[in-house]
Amino acid sequence: MATLSGLIAGTIYQENPISTLMTFIEQEKRFKNAREVEKMRFVGYVLELGFDNAKIITSDQYKVIVGGIPRGSFLIMIPSEFGNMAPHFSLLRVKGVSTTPLSNQVQQTYFELHKKAMPELDVWTQNELQWGALECDVLGMFYANPAASQKLEFSGDVNNIVSAHRYEVYAPNDELLDLIVNGIVPEKSRFELGTLRTMECQLVGKDASANDTPVFVSMEDFKGRRTAMFGKTRLGKSNVVKLLAQGMITATEGASAKETVGQLIFDINGEYANDNPQDGSKSLRSANEQRCHVYALTPRPNTPSKVLRMNFYEFPSAGMQILSSLLSADKRTSIYITSFTNSSIVDFSELDLLEESDKNRAARKILYYWAVLKKAGYRVDEPRLRTMIHTTCVKGFDPGFSEKLRLAAYHTDSASDLPAIGSLDDLLRELDTVNTFRIENPKDKLLISSSKKPIFEADDRAILDFLFPKSGGAGPAILRAYHSYHDANATDFTKDILDYLDDGQTVILDLGNAQDTIRQYFSNILSAAVFAHQEEKFVSDTLYHHFVQLYFEEAHNLFPATSNTITDIYSRFAKEGAKFHIGMVYSTQSPSTISKELLAQTENFFVGHLSSQDEAHALARLQIAFDGIEQDILKAKTPGFMRMLTMSNRFVVPVQAKLFEAI
């Protein structure tokens with residue numbers, strides 16, 4: 001315990017949070033002098049001490065007075081004299097029960113007592129048996145910065161080890177617990193995540209009160225950084241994600257135009273976008289109606305949302321990819337269907353990059369694709385579409401076949417008899433006529449262009465064979481099942497979402513009830529768009545403090561541990577995201593299912609119950625801060641009970657996350 005001179009010297013640190021320690025020491029000294037042992041927080045002495053571990057001796061009486069000392073709880077080790085050093089204490093975490101020099105004798109005494117069935121112990125024997133030892137991890141040291149008396153510091157090591165008898169160990173009171181879990185968390189953008197919870201068991205003595213120390217996080221720790229959520233399903237991962245998203249919304253309220261944080265949540269179960277009466281809670285959207293926007297594949301009756309659909313006509317490359325994914329998922333494996341889905345179509349933005357002859361061929365292929373959609377009954381704004389293609393040959397809906405080919409196909413000698421092509425129906429008639437000629441006269445010279453290339457290349461033939469299938473083939477009719485993914489009036493949702501993110505809004509993609517291929521597609525296209533958008537800002541020196549936070553569930557599908565791909569968009573998030581102010585929160589059940597490359601780059605962790613020892617040990621190997629608490633992670637199954645490690649919290653903090661705002 002510090003002397004009076006040490007306490008007087010410590011007055012220069014009155015403005016420092018470490019003053020809480022000085023107040024605590026003074027209080028303990030008063031209780032000791034007044035022999036009010038029942039009010040003290042003293043738990044014992046140090047038996048052995050190293051840089052990483054400490055063994056302390058304590059007695060039953062001390063443990064009962066402080067309400068118990070469960071595994072994983074925090075203790076503080078204070079030197080008896082501070083001397084000329086700034087006030088400080090070492091933080092210990094209880095690891096387990098340890099032996100004492102008298103353990104063998106104690107066991108022998110117990111054996112003799114039970115063997116003789118003695119009902120009572122004399123006071124001297126009782127005093128000997130109540131002492132025991134606890135093994136603790138030394139987590140680091142809190143101290144007042146010698147160069148800045150108002151600043152609290154924490155180090156992951158200790159500055160010196162002296163004789164064990166020069167230390168005393170205490171159970172921290174509420175004020176010191178608050179300093180331990182919140183003292184090094186930046187004041188900026190603080191958000192209350194829950195309360196400190198050192199054990200799952202809630203049974204406490206009648207004279208002990210349940211701990212309600214609040215646990216805060218700083219949202220600054222999550223901007224542009226990677227955050228992992230691990231734990232079995234239905235044990236609170238999604239609830240913590242909601243809290244973090246809410247914390248970011250709250251922290252950025254009223255931020256300047258150069259300090260925005262946009263959030264994009266890939267909601268595969270619809271739980272962030274839609275209220276859940278079963279759980280009795282609001283969704284993130286309904287709790288923040290002015291700053292949350294929902295895009296839904298299947299709009300819900302009670303959730304205002306924009307339609308997450310694509311105009312398949314105006315985005316031919318993406319539309320073709322979606323149709324191919326849907327047909328593949330439905331196991332449509334006929335040869336002519338597979339050939340169609342393997343066809344490559346460019347977008348309008350790519351046409352201008354091609355040589356004129358290639359440009360004409362690519363434009364025709366888009367027309368063939370449009371004809372497929374038209375025949376499948378996909379609604380279209382024809383006047384708008386007619387203006388989108390204009391090359392030397394292809395104009396509007398006219399594929400620009402040579403006059404000689406058309407005369408032969410229509411079996412006429414007069415050009416005036418050839419029909420005009422002003423609509424998609426006209427295009428269908430034109431393609432049907434020319435394609436019939438192609439099939440009936442496969443070696444006709446009219447099917448060879450002036451550049452000696454076939455007018456209908458492999459991809460062209462594949463699309464036309466799908467458009468006009470042989471007898472028994474369904475052709476475009478099989479695409480009618482996918483009408484719900486198309487909207488003739490759909491805008492460029494990617495641009496709209498990027499605008500929302502730039503404005504610091506939260507966008508929730510309700511992908512509930514969608515097939516995995518569709519979820520994957522929208523995740524890919526929007527992730528790539530966000531990365532390119534932030535990278536462009538970085539290159540043009542307009543990034544400022546614009547951040548984007550991405551939220552992924554079932555992350556093992558996006559960041560698989562077995563993947564050798566290092567160039568996809570998700571790997572780029574892991575490697576380069578921080579540079580471009582892209583942060584992400586990813587959730588999955590098991591650490592071993594996630595890419596090691598991503599795990600190595602992850603700064604923040606929230607870990608609930610894991611049921612496998614291999615998973616718990618893998619986590620400890622990945623992040624040394626979890627070493628020693630594997631058994632707690634394996635045994636605790638309470639929903640919302642998480643082990644948290646953030647950029648600010650240099651050690652794992654056990655927290656009971658609060659429930660997201662109830663209805």
Listing, residues 615-624 side-chain donor-acceptor contacts under 3.5 Å, not counting sequence neighbours, or none:
| residue | atom | partner | partner atom | Å |
| --- | --- | --- | --- | --- |
| Glu615 | OE1 | Ser592 | N | 3.1 |
| Glu615 | OE1 | Ser592 | OG | 3.2 |
| Glu615 | OE2 | Ser592 | OG | 2.5 |
| Gln623 | OE1 | Ala625 | N | 3.2 |

- Identify the heavy atoms of Gln263 and Leu501 that sit nearest to each other, and give their distance. O-CD2, 3.4 Å
- Message: Distance to the ring centre below 6.0 angstrom and angle to the axis at most 45 degrees; does that hold for Lys658 and Phe641?
- Response: no
- Do you know which two heavy atoms are closest between Glu135 and Asn53, and how far apart they sit? OE2-CB, 3.9 Å
- Under the ring pair (Phe, Tyr, Trp, His ring centres under 6.0 Å) rule, what pairs show up with a residue in residues 213-254, not counting sequence neighbours? none
- Query: Which residue pairs pass the salt bridge (charged side-chain N to carboxylate O under 4.0 Å, His left out) test with at least one member in residues 493-509, sequence neighbours excluded?
  - Reply: Lys495-Asp499, Asp502-Lys537
- Query: Do you know the tightest heavy-atom contact between Val307 and Pro299?
  - Reply: CG2-CG, 4.4 Å
- Residue list, ring pair (Phe, Tyr, Trp, His ring centres under 6.0 Å) with Phe142, at least two apart or on another chain: Phe89, Phe154
- Message: Side chains of Val653 and Leu645, heavy atoms from C-beta outward: is any pair under 4.5 Å?
- Response: no
- Query: Quick one: salt bridge (Lys or Arg N to Asp or Glu O under 4.0 Å) partners of Arg300, sequence neighbours excluded?
  - Reply: Asp510
- Side chain to side chain, Val169 and Ile76, heavy atoms closer than 4.5 Å: no
- Item | Minimum heavy-atom distance Asn239-Ala657, with the two atoms named | ND2-CB, 4.3 Å
- Apply salt bridge (Lys or Arg N to Asp or Glu O under 4.0 Å) to Glu603 and list each qualifying residue two or more places apart in sequence or on a separate chain. Arg226
- Item | Derivation of the side chain to side chain contact (heavy atoms under 4.5 Å, CB included) call for Lys95 and Cys136 | CA-CA 5 Å; Lys95 188 175 183 178; Cys136 300; 5.7 Å; no
- Start with the C-alpha gap between Leu511 and Leu308, add the side-chain angles, then the distance that decides, and say whether side chain to side chain contact (heavy atoms under 4.5 Å, CB included) holds. CA-CA 9 Å; Leu511 302 176; Leu308 186 61; 3.6 Å; yes
- Count the heavy atoms belonging to other residues, nucleotides or ligands that lie under 6.0 Å from CD of Gln290, then report whether that count exceeds 12. no
- Would you check, one step at a time, whether the test side chain to side chain contact (heavy atoms under 4.5 Å, CB included) holds for Val138 with Met141? CA-CA 8 Å; Val138 179; Met141 178 181 290; over 6 Å; no
- Query: Got Glu175 and Thr23 here, is their nearest side-chain heavy-atom distance under 4.5 Å?
  - Reply: no
Review item, side-chain donor-acceptor pairs of residues 243-255, under 3.5 Å, at least two apart:
| residue | atom | partner | partner atom | Å |
| --- | --- | --- | --- | --- |
| Gln246 | OE1 | Asn288 | ND2 | 2.7 |
| Gln246 | NE2 | Thr250 | OG1 | 3.2 |
| Gln246 | NE2 | Asn288 | OD1 | 3.1 |
| Thr250 | OG1 | Gln246 | O | 3.0 |
| Thr252 | OG1 | Met248 | O | 2.7 |
| Thr252 | OG1 | Ile249 | O | 3.4 |
| Thr252 | OG1 | Arg291 | NH2 | 3.0 |
| Glu253 | OE1 | Arg291 | NH1 | 3.2 |

- Message: Would you say that Leu509 contacts Asp267 through its side chain, given a criterion of any heavy-atom pair below 4.5 Å between the two side chains?
- Response: no
- Interatomic spacing from CG in Asn16 to CE in Met22 - rounded to 0.5 Å: 10.5 Å
- Message: Any donor-acceptor pair under 3.5 Å linking the side-chain atoms of Glu220 with those of Ser189?
- Response: yes
- Do Tyr62 and Tyr170 have ring centres separated by under 6.0 Å? no
- Query: Of all residues at least two apart in sequence or in a different chain, which pass the salt bridge (Lys or Arg N to Asp or Glu O under 4.0 Å) check with Lys635?
  - Reply: none
- Query: Does a side-chain heavy-atom distance below 4.5 Å link Glu259 with Tyr544?
  - Reply: no
- Keeping to residues at least two apart or across chains, list the ring pair (Phe, Tyr, Trp, His ring centres under 6.0 Å) pairs with something in residues 492-514. His293-Tyr500, Phe493-Phe522
Show which side-chain atoms of residues 576-583 pair as donor or acceptor with protein atoms under 3.5 Å away, not counting sequence neighbours.
| residue | atom | partner | partner atom | Å |
| --- | --- | --- | --- | --- |
| Glu576 | OE1 | Arg572 | NH2 | 3.4 |
| Glu576 | OE2 | Arg572 | NE | 3.0 |
| Glu576 | OE2 | Arg572 | NH2 | 3.4 |
| His581 | ND1 | His546 | O | 3.3 |

- Message: Show me the pairs that pass salt bridge (charged side-chain N to carboxylate O under 4.0 Å, His left out) and involve residues 181-191, at least two apart or across chains.
- Response: Glu187-Arg190
- Task: Determine, using ring centers only, whether Phe266 and Phe552 are less than 6.0 Å apart.
- Result: yes
- Message: Between Asp137 and Arg93, does the salt bridge (Lys or Arg N to Asp or Glu O under 4.0 Å) criterion hold? Intermediate values first, please.
- Response: CA-CA 5 Å; Asp137 290 322; Arg93 181 176 61 211; 3.6 Å; yes
- Query: How about Met229 and Val241: do any of their side-chain heavy atoms sit closer than 4.5 Å?
  - Reply: yes
- Is the closest side-chain heavy-atom distance between Leu177 and Asn173 below 4.5 Å? no
- For Asp632, all residues meeting salt bridge (Lys or Arg N to Asp or Glu O under 4.0 Å), sequence neighbours excluded: Arg71
- Query: What are the two closest heavy atoms between Asp221 and Ser648, and how far apart are they?
  - Reply: OD2-OG, 2.7 Å
- Identify the heavy atoms of Gly156 and Arg650 that sit nearest to each other, and give their distance. N-NH2, 3.5 Å
- Any side-chain heavy atom of Arg309 sitting closer than 4.5 Å to one from Tyr485? no
